[in-house]
Amino acid sequence: MVMFLFLVVALAVVVGAVTLAVVGGGENGPLPEAAPERLRDPLPPDRPVGRADVEGLRFPLAARGYRMADVDDALSRLGAELAERDARIADLESALAGARSSSAHGPVRASGENHVSMDKPAPGQEDRP
């Protein structure tokens with residue numbers, strides 16, 4: 001019974017000493033607050049996001065998975081970039097369709113106007129003097 005009481009008292013002393021050292025004791029006062037782990041390599045703000053940026057993106061772990069704020073920021077940035085690229089692609093496709101339709105109709109010429117063709121002549125029909 002005496003041994004049991006000795007072990008309980010020794011355990012209480014050790015727990016108390018560790019608690020004092022961590023919370024408020026020690027030479028330099030209490031331990032400083034740990035800075036929250038943040039996204040180390042965010043997406044570049046000064047240029048469009050590339051494939052290598054997305055492949056290199058690593059989110060820091062939190063208590064229950066990933067930090068939702070970091071994931072939400074990255075997804076909203078990627079969504080904005082994709083929307084911008086989709087709009088640019090649509091503009092370029094409409095400009096290309098307009099250029100194709102105007103070249104298919106060709107320029108209107110007055111009758112009797114001389115026309116110089118840039119097509120290759122058929123074999124055996126080169127200009128002869």
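Numbers here simply count residues along the sequence, with the first being 1.
Listed here is the closest heavy atom pair of Asp70 and Phe59: O-CE2, 3.6 Å. Taking every heavy atom of both residues into account, Leu57 and Ala74 meet most closely at CD2-CB, 3.9 Å.
Not counting sequence neighbours, the partners of Val15 by the side-chain contact (heavy atoms from CB on, under 4.5 Å) test are Leu11, Thr19. Partners of Arg51 by salt bridge (charged side-chain N to carboxylate O under 4.0 Å, His left out), not counting sequence neighbours, listed by chain and number: Glu55.
Under the side-chain hydrogen bond (donor to acceptor under 3.5 Å, both in side chains) criterion, no residue pair touches residues 87-98, with sequence neighbours excluded.
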With a 3.5 Å cut-off and sequence neighbours excluded, list the donor-acceptor pairs that the side chains of residues 76-83 form with protein atoms.
from, atom 1, to, atom 2, distance (Å)
Ser76, OG, Asp72, O, 3.1
Ser76, OG, Asp73, O, 3.0
Arg77, NE, Glu81, OE2, 3.2
Arg77, NH1, Pro44, O, 2.8
Arg77, NH2, Pro44, O, 2.6
Arg77, NH2, Arg47, O, 3.1
Arg77, NH2, Glu81, OE2, 3.0
Glu81, OE1, Val49, N, 3.2

Could you please spell out the steps behind the side-chain contact (heavy atoms from CB on, under 4.5 Å) verdict for Leu96 and Leu92? CA-CA 6 Å; Leu96 180 62; Leu92 291 173; over 6 Å; no

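Using a 4.5 Å heavy-atom threshold, the side chains of Pro48 and Arg85 count as touching.
Each of Phe6 and Val13 belongs to its own hydrophobic cluster when Ile, Leu, Val, Met, Phe, Trp and Tyr are linked at side-chain heavy-atom distances under 4.5 angstrom.
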